[in-house]
Amino acid sequence: MFALADANNFYVSCERIFQPKLEGKPVVVLSNNDGCAIARSNEAKALGIPMGAPWFQLKDLAKKHGIVALSSNYTLYGDMSNRVVQVLRMYSPKVEVYSIDESFLELEGLMGLWGSYGALGHALKDQVRMWTGIPVGVGIGPTKTLAKLANHLAKKRSEFNGVCDLSALTREERRGYYASLDVSDVWGVGRRTVEKLRALGIETVDHLRSTPPPYLRQQFGVVMERTGNELRGISCIEFEDVAPPKKQIVSSRAFGRMVTDFNELQEAVSTYAWRATEKLRKDRAVCSGVHVFVETNRFREQDRQYNNGMNVTLSEPTDDVRRITGAALYGLRRIFLDGYLYKKAGVMLLDLGPTGIRQACLFRSADQHSSKLMDALSEINGRFGRETVWLGSSGTQKPWATIFEHKTPRYTTRWDELPTADY
DNA sequence: TCTGGGGTCCTAGGACCC
DNA sequence: TCTGGGGTCCTAGGACCC
């Protein structure tokens with residue numbers, strides 16, 4: 001048996017903990033550049049604001065209804081997420097952190113402690129709320145896909161009060177719920193698959209569940225066959241309490257304004273290469289390839305469009321920010337074309353491997369100083385703040401930088417941004 | 001004026017091997 | 001007239017997730 005604990009409107013909930021006056025009000029959290037609404041309070045959802053709606057299109061509605069918009073504060077959300085996971089780990093030895101606001105728990109053998117899975121679910125939900133302030137919903141089922149579906153029910157149907165254990169329902173009750181749920185509510189069924197399923201007359205979860213898996217395989221492929229089996233209670237998607245090593249690392253941002261100047265683009269790519277390398281080193285990995293890409297603004301049809309990217313292979317795996325940045329900037333010079341309005345650029349690190357295993361290059365001797373230098377950089381930035389030292393090629397003014405106009409303090413991770421209470 | 005970022009997996013087709 | 005069988009690896013594109 002699996003449980004899925006999923007925070008309600010996670011980013012909004014994080015903000016509300018430190019600004020209780022936002023409780024009961026329509027609140028949205030915006031993506032980078034304050035571009036789109038990526039988290040919405042229930043009140044905002046009730047006003048019909050869809051996920052990913054561009055903020056500039058919502059401004060009239062916002063004024064009319066007093067919607068509060070906040071910039072993304074990922075430092076805060078990341079820290080709150082860790083706190084929630086800490087509580088979850090008290091309830092099961094096996095926790096899979098699936099995303100910033102969702103974790104699976106394996107419940108095998110734990111039922112005896114609580115009398116029922118539902119009791120465990122309620123205890124966990126109350127504890128997370130009490131200790132972190134974050135409201136979560138809990139879904140329980142014999143497969144991860146069913147736990148997801150149960151979580152959906154826990155949140156949408158008030159009779160469950162935030163915790164839905166499918167195994168506690170009768171066969172008829174389950175059937176009733178499945179018949180009332182749309183196929184699009186199933187984990188792994190996206191927009192394209194929904195269209196195709198509808199065309200085949202498969203509209204509800206009950207329909208999908210009764211479709212023979214071999215037919216799903218033939219029509220959609222092995223992924224949908226698995227989903228079909230999971231809905232029937234046959235567990236096919238593995239529980240991963242130890243996260244497998246990453247295969248690639250990306251750092252990219254849309255610019256705060258259009259960029260035409262090659263030097264500014266170079267600063268941005270250099271900055272992204274730095275960030276990507278930070279992540280790489282945090283994972284104790286090295287990369288053998290770097291991909292760099294640039295894009296114009298696809299929404300501006302009046303502009304000439306240009307999207308291009310390039311893979312640069314490194315002569316040997318590395319985590320040296322100078323080599324990685326050098327490769328990214330080499331690629332940028334190759335793909336840059338003058339005369340376009342660039343909106344976004346990014347750097348991807350490819351062919352990741354563990355630091356220890358490193359095929360040396362035949363044609364050059366190993367750089368003895370590289371790892372010492374990189375460790376020194378990490379040490380300095382770790383002790384004195386993230387951007388104490390950086391590469392000169394990243395620039396200092398960064399006129400292209402991403403915009404955050406409604407940013408809240410990093411309440412839980414910075415001494416100088418701690419919340420204060422009036423009394 | 002203004003439209004996010006970071007990932008994974010699967011499949012098909014091409015190139016190549018013996 | 002007739003042209004095998006069994007593989008691997010790589011890449012691009014699509015679909016999905018939060």
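In the text below, chain A, chain B and the rest are named by the order of the sequence lines, each starting its count at 1. It should be emphasised that the depicted structure is a prediction, and the values quoted were computed from it without experimental measurement.
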Original post:
Given the C1' atoms of dG4(B) and dC17(C), what is the spacing between them in whole Å?
Top reply: 15 Å
**OP:** Could you walk me through whether Tyr91(A) and Trp131(A) pass ring pair (Phe, Tyr, Trp, His ring centres under 6.0 Å), step by step?
**Re:** CA-CA 14 Å; Tyr91(A) 283 79; Trp131(A) 284 2; 8.5 Å; no
**OP:** Respond yes when some side-chain nitrogen or oxygen of Thr402(A) is under 4.0 Å from OP1 or OP2 of dG4(B), and no when none is.
**Re:** no
Original post:
Expressed in angstrom and rounded to an integer, what is the separation of Gln305(A) atom CD from dT3(B) atom P?
Top reply: 12 Å
**OP:** Map Ser31(A) and Lys247(A) onto DNA chain B by nearest heavy atom, then report which one ends up closer to the 5' terminus.
**Re:** Ser31(A)
**OP:** Using whole Å, report how far CG of Leu350(A) lies from C1' of dC10(C).
**Re:** 13 Å
Subject >> Distance test, side-chain N/O of Arg253(A) to OP1/OP2 of dG6(B), below 4.0 Å >> reply: yes
Original post:
NA contact type, Val194(A), heavy-atom cut-off 4.0 Å: base, sugar-phosphate, or nothing?
Top reply: nothing
Subject >> N/O (side chain, Asn33(A)) to phosphate O (OP1/OP2, dC2(B)) under 4.0 Å >> reply: no
Original post:
Can you find a side chain N or O atom of Ser252(A) that sits less than 4.0 Å from OP1 or OP2 on dG6(B)?
Top reply: yes
Original post:
When all nucleic acid strands are considered with a 4.0 Å heavy-atom cut-off, which category describes Arg191(A): base, sugar-phosphate, or nothing?
Top reply: sugar-phosphate
Original post:
Between dT1(B) atom C1' and Arg300(A) atom CZ, what is the distance in whole Å?
Top reply: 8 Å
Original post:
Picking from dC2(B), dT11(B), dC18(C), which would you name as closest to the side chain of Tyr98(A)?
Top reply: dC18(C)
**OP:** Give none if dG7(C) has no partner; otherwise give the nucleotide forming a Watson-Crick or G-U wobble pair with it, both distances under 3.5 Å.
**Re:** dC16(B)
Original post:
Are any side-chain N or O atoms of Asp34(A) and backbone N or O atoms of Glu405(A), one a donor and one an acceptor, separated by less than 3.5 Å?
Top reply: yes
Original post:
Side-chain contact, heavy-atom cut-off 4.5 Å: Asn9(A) with Lys45(A)?
Top reply: yes
Original post:
Which of the following nucleotides, dA15(C), dC10(B), dT3(B), is nearest to the side chain of Cys36(A)?
Top reply: dT3(B)
Original post:
How is Ser251(A) classified with respect to the nucleic acid when contacts are heavy atoms under 4.0 Å: base, sugar-phosphate, or nothing?
Top reply: sugar-phosphate
**OP:** Check whether any side-chain heavy atom of Arg383(A) lies under 4.5 Å from a side-chain heavy atom of Thr388(A), and answer yes or no.
**Re:** no
Subject >> 5′-ward residue of the pair Lys246(A)/Phe255(A) relative to DNA chain B >> reply: Phe255(A)
**OP:** Anything under 30° is parallel, anything over 60° is perpendicular, the rest tilted; go ahead and classify Phe104(A) against Trp187(A).
**Re:** tilted
Original post:
Can Arg281(A) and Ser378(A) be said to form a side chain to side chain contact (heavy atoms under 4.5 Å, CB included), step by step?
Top reply: CA-CA 9 Å; Arg281(A) 287 178 50 81; Ser378(A) 303; 3.1 Å; yes
**OP:** With the side chain of Met258(A) defined as its heavy atoms from C-beta on, choose the nearest nucleotide among dT3(B), dC18(C), dC2(B).
**Re:** dC2(B)
**OP:** Have a look at Trp55(A) and say if it touches a base, only the backbone sugar-phosphate, or nothing, with a 4.0 Å heavy-atom cut-off.
**Re:** nothing
Subject >> Closest approach of Ser71(A) to Tyr77(A) (non-hydrogen atoms, all atoms of both residues) >> reply: O-OH, 3.8 Å
Original post:
So what does Ser72(A) touch, heavy atoms closer than 4.0 Å: a base, only the sugar-phosphate, or nothing?
Top reply: nothing
**OP:** From the options dC2(B), dG6(B), dG4(B), select the nucleotide whose nearest atom is closest to the side chain of Phe56(A).
**Re:** dC2(B)
Original post:
How would you label the contact of Ile249(A) with the nucleic acid (heavy atoms, under 4.0 Å): base, sugar-phosphate, or nothing?
Top reply: sugar-phosphate
Subject >> Side-chain N or O of Arg226(A) closer than 4.0 Å to phosphate OP1/OP2 of dC10(B) >> reply: yes
Original post:
Quick one: Phe104(A) CZ to dC18(C) C1', roughly how many Å, whole number?
Top reply: 12 Å
Original post:
Picking from dG4(B), dC16(C), dC18(C), which would you name as closest to the side chain of Arg192(A)?
Top reply: dC16(C)
Original post:
Which part of the nucleic acid does Asn297(A) contact within heavy-atom distance under 4.0 Å: base, sugar-phosphate only, or nothing?
Top reply: sugar-phosphate
Subject >> dC2(B) phosphate, OP1 or OP2, under 4.0 Å from Lys343(A) side-chain N/O >> reply: no
Original post:
How many Å lie between CH2 on Trp187(A) and C1' on dC9(B), as a whole number?
Top reply: 12 Å
**OP:** Nearest whole angstrom, please: distance from the C1' of dC2(B) to the CD1 of Ile403(A).
**Re:** 9 Å
Original post:
Nearest-Å distance, CG (Asp351(A)) to P (dC10(C))?
Top reply: 9 Å
Original post:
Could you state the NZ-P distance from Lys196(A) to dG14(C), rounded to the nearest angstrom?
Top reply: 15 Å
**OP:** Remember a base hit wins even if backbone is also touched, and classify Gln248(A) as base, sugar-phosphate or nothing at under 4.0 Å, heavy atoms.
**Re:** base
